[in-house]
Amino acid sequence: MSEKIKVAVIGCGGISQFHLDAYQANPRVEIYALCDIDEKQVNKRGAEYSVPPCRRYLDCETMLKDLPEIDAVSVCTWNSAHAPCTIAALKAGKHVLCEKPMALNAKEAQSMIDAAKESGKLLMIGFVRRFGNDCAIMQDLIDDGQFGEIYYAKATYLRRNGNPGGWFGDQSRSGGGPLIDLGVHVIDLTRYLMGNHRPVSVYGATFQKLFNRPDIKLADGYKSVSATDHDICDVEDAVTALIRFDNGSVVSVEASFTLNLEKDKGDIEFFGTKAGAKMDPELHIYSTMNGYMTNINLAAKSALSFDGLFANEINHFVDCVIDGIPCKNPAEDGLTLMRILDGIYESARTGHEVIL
Ligand SMILES: NC(=O)c1ccc[n+]([C@@H]2O[C@H](COP(=O)([O-])OP(=O)(O)OC[C@H]3O[C@@H](n4cnc5c(N)ncnc54)[C@H](O)[C@@H]3O)[C@@H](O)[C@H]2O)c1
């Protein structure tokens, strides 16, 4: 493989910019080609990142056939295109970084893993929170035994009025609402920090009461590039769930696009035998000193910083591809997350616990 790898990005919407900025800053990468089914988007990103029009594509199969020199791709499409684009790229012999959630469901995720095994190429999943400065601090403290045994955690990602519209609300393209979009981030981060234990059962409930709140006045916030004034909304608007792991630990999950709460909330709490912690957004630690209950804050900044977050993830992907180092976000973890999400949706549908 040449010193600089040639990278293509499939899906040129909102998140592609974070991948492209990081690739652009990496001296071992050439941003070589782009693809989006939306001509306007592929041309916009092409102009921004100096990708010539002859290497801007509207269909990934054609791009992969025309440009065998591509080494690796980022898949940044809406969720329903993750599996087909990833499998096409793997079959064409490319390494793949696929955005979260890995796929629409575990069945698709398994077929992506099968394609990766067959091709012998890397399939990494974009669990970007694993690369956060806040995750590194928690990991360091956990490894040092500061919390003892962590037996319970809360993974929360609540928005008051945050359905991005477009494909995000459309079940056929997203696979679900806040659980698959937001919950996936905090469930993965919590499970990862607690030692990646195997999930054994889930119980969950979803709600569809407020939909995408088209009646809200003076609304602002993140909008998908695919959002229109006529978006459908057939996904859940909130979810609550419990996940039990094989070591007896339990994670409680709450996620919403729309919910009547005071303000958006993205905190994660850990409860251990020696201490507890809240990442909200700075790290707070709840412990004891000589029998006195104590609350500890770090003097250094410990809140999640977006500065360098995606760069850490992309640089790791590039290092995995070029140097063959072990991948921090293997596809198997993406599959496990999809099994958890499938189970929660199934539990919500039936009203019963689902054994995984
Ligand atoms: N890691 C994170 O923090 C994070 C944040 C936002 C989004 N995401 C993920 O990134 C993905 C994209 O989200 P987004 O916010 O950029 O959405 P977006 O709507 O802004 O962009 C998605 C783009 O994919 C394109 N697309 C759809 N199907 C395609 C196909 N078959 N081939 C090529 N292009 C195709 C669309 O035309 C659109 O331009 C989603 O899976 C989402 O969950 C991750």
Side-chain angles (χ1 to χ4, degrees), residues 8-22 33-46 48 56-64 73-89 96-105 108-109 112 124-132 134-135 157 159 162-189 221-228 231 235 255 257 266 304-306 308-314 316-317 329 334 337-338 341:
V9 172
I10 305 174
C12 294
I15 207 63
S16 71
Q17 201 180 330
F18 293 84
H19 287 237
L20 286 161
D21 282 347
L34 296 174
C35 169
D36 199 298
I37 52 173
D38 179 343
E39 194 169 1
K40 185 173 76 25
Q41 276 304 122
V42 76
N43 284 330
K44 182 170 185 282
R45 293 282 180 249
E48 286 165 356
R56 299 176 194 168
Y57 285 84
L58 300 178
D59 162 53
C60 80
E61 300 269 3
T62 313
M63 177 183 79
L64 293 164
V73 306
S74 270
V75 173
C76 297
T77 62
W78 50 57
N79 302 344
S80 61
H82 285 189
C85 294
T86 296
I87 292 170
V96 178
L97 168 57
C98 177
E99 261 302 343
K100 51 55 59 177
M102 182 168 175
L104 291 180
N105 51 51
E108 281 191 355
M112 293 157 80
M124 171 169 157
I125 308 303
F127 292 128
V128 74
R129 293 289 310 261
R130 294 185 181 198
F131 292 91
D134 57 345
C135 176
Y157 200 153
R159 288 184 188 158
N163 182 331
W167 65 268
F168 284 89
D170 173 0
Q171 176 81 28
S172 69
R173 288 182 288 168
S174 63
L179 175 62
I180 198 167
D181 185 47
L182 307 177
V184 69
H185 274 299
V186 286
I187 295 170
D188 179 70
L189 181 61
Y222 173 67
K223 277 250 170 294
S224 158
V225 298
S226 64
T228 69
D231 288 332
V235 298
F257 276 163
L304 173 66
S305 165
F306 279 85
L309 178 65
F310 277 87
N312 291 344
E313 176 186 80
I314 295 290
H316 178 72
F317 176 59
N329 291 13
L337 251 288
M338 293 317 305
L341 303 186

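Read the numbers this way: they start at 1 and go in the same order the structure lists the ligands and their atoms. What you see is a predicted model, and the numbers here were worked out from it, not measured in a lab.
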Identify the protein heavy atom lying closest to atom 27 (C) of ligand 1, giving its residue, its atom name and the separation to 0.1 Å. Trp78 CE2, 3.2 Å
So for His82, does at least one of its heavy atoms come nearer than 4.0 angstrom to any atom of ligand 1? yes
Short N/O distance, under 3.5 Å, between Gly14 and ligand 1? yes
Is the backbone N or O of Gly13 less than 3.5 Å from a side-chain atom of Ser16, with the two atoms forming a donor-acceptor pair by type? yes
Please work out whether any backbone atom (N, CA, C, O) or any side-chain heavy atom from C-beta onward of Asp59 is under 4.0 Å from ligand 1, and answer side chain, backbone, both or neither. neither
Run the numbers for me: atoms of ligand 1, each under 4.0 Å from some heavy atom of Ser224, listed by number. 18 (P), 19 (O)
Take Asn79 and Arg173 through the side-chain hydrogen bond (donor to acceptor under 3.5 Å, both in side chains) test and state the conclusion after the steps. CA-CA 6 Å; Asn79 302 344; Arg173 288 182 288 168; over 6 Å; no
For atom 17 (O) of ligand 1, what's the nearest protein heavy-atom neighbour? Residue, atom name and distance, please. Trp167 NE1, 3.2 Å
Which ligand 1 atoms does Gly13 reach within 4.0 Å, using its non-hydrogen atoms? 16 (O), 20 (O), 21 (O), 23 (C), 39 (O)
Please list, in number order, the atoms of ligand 1 under 4.0 Å from a heavy atom of Asp38. 37 (O)
When the ring planes of Phe257 and Phe168 are compared, do they come out parallel, tilted or perpendicular, using 30° and 60° as the limits? perpendicular
Is Pro84 touching ligand 1 with its side chain, its backbone, both, or neither, if touching means heavy atoms under 4.0 Å apart? neither
Looking at Gln171, I'd like to know if its CD atom is crowded, meaning that more than 12 non-hydrogen atoms belonging to other residues, nucleotides or ligands lie closer than 6.0 Å. yes
To check your reading of the model: name the closest protein heavy atom to atom 43 (O) of ligand 1, its residue, and the distance in Å. Lys100 O, 2.9 Å
Please identify which of these residues, Val184, Ile187, Val235, meets the side-chain contact (heavy atoms from CB on, under 4.5 Å) condition with Leu179. Ile187
In this structure, atom 39 (O) of ligand 1 is nearest to the protein heavy atom Asp36 OD2, 2.7 Å
Atoms of ligand 1 less than 4.0 Å from Asn79 heavy atoms? 40 (C), 41 (O), 43 (O)
Relative to ligand 1, is Phe18 under 4.0 angstrom through side chain, backbone, both or neither, heavy atoms considered? neither
Of all the atoms in ligand 1, which lie at a distance below 4.0 Å from a heavy atom belonging to Asp181? 43 (O)
Please answer whether the main-chain N or O of Phe127 pairs with a side-chain N or O of Asn329 as donor and acceptor at a distance below 3.5 Å. yes
Ligand 1 to Ala81, heavy atom cutoff 4.0 Å, flagged ligand atoms 28 (N), 31 (N)
Taking Ala103's backbone N and O only, do any of them form a donor-acceptor pair with Glu108's side chain (distance below 3.5 Å, no angle check)? no
Nearest non-hydrogen protein atom, atom 22 (C) of ligand 1: Cys76 O, 3.9 Å
Quick check: does any side chain N or O of Lys100 sit under 3.5 Å from a backbone N or O of Asp181, one acting as donor and the other as acceptor? yes
Between ligand 1 and Pro101, can you find any atom pair, the residue atom being a heavy atom, that is separated by under 4.0 Å? yes
Heavy atom of His185 under 4.0 Å from ligand 1? yes
Closest protein heavy atom (residue, atom, distance) for atom 15 (O) of ligand 1: Tyr222 OH, 2.6 Å
Heavy-atom donor-acceptor pair, Ser74 side chain to Cys76 backbone, under 3.5 Å: no
With a 4.0 Å cut-off on heavy atoms, does Gly166 reach ligand 1? no
Of the protein's non-hydrogen atoms, which lies at the shortest distance from atom 44 (C) of ligand 1, and what is that distance? Glu99 OE1, 3.2 Å
Which ligand 1 atoms are under 4.0 Å away from a heavy-atom of Gln41? 39 (O)
Residue pair Trp167 / Ser224, side-chain heavy-atom distance below 4.5 Å: yes
Report the nearest protein non-hydrogen atom to atom 32 (N) of ligand 1: residue, atom name, distance rounded to 0.1 Å. Ile37 CG2, 3.8 Å
Could you tell me which residues satisfy side-chain contact (heavy atoms from CB on, under 4.5 Å) with Phe310, sequence neighbours excluded, listed by chain and number? Ile15, Phe18, His19, Glu99, Val128, Glu313
Is there a donor-acceptor pair closer than 3.5 Å between any side-chain N or O of Asp231 and the backbone N or O of Thr228? yes
Across all chains, not counting sequence neighbours, the ring-ring contact (aromatic ring centres under 6.0 Å, His included) partners of Phe131 are His316
Using non-hydrogen atoms of the residue, decide whether Phe310 is closer than 4.0 angstrom to ligand 1. yes
His82 side chain to Pro101 main-chain N or O, any donor-acceptor pair under 3.5 Å? yes
Do the side chains of Arg129 and Leu304 get nearer than 4.5 Å, heavy atoms only? yes
Where the closest heavy atom to atom 40 (C) of ligand 1 is concerned, which of Leu58, Thr77, Val42, Ile15 has it? Thr77
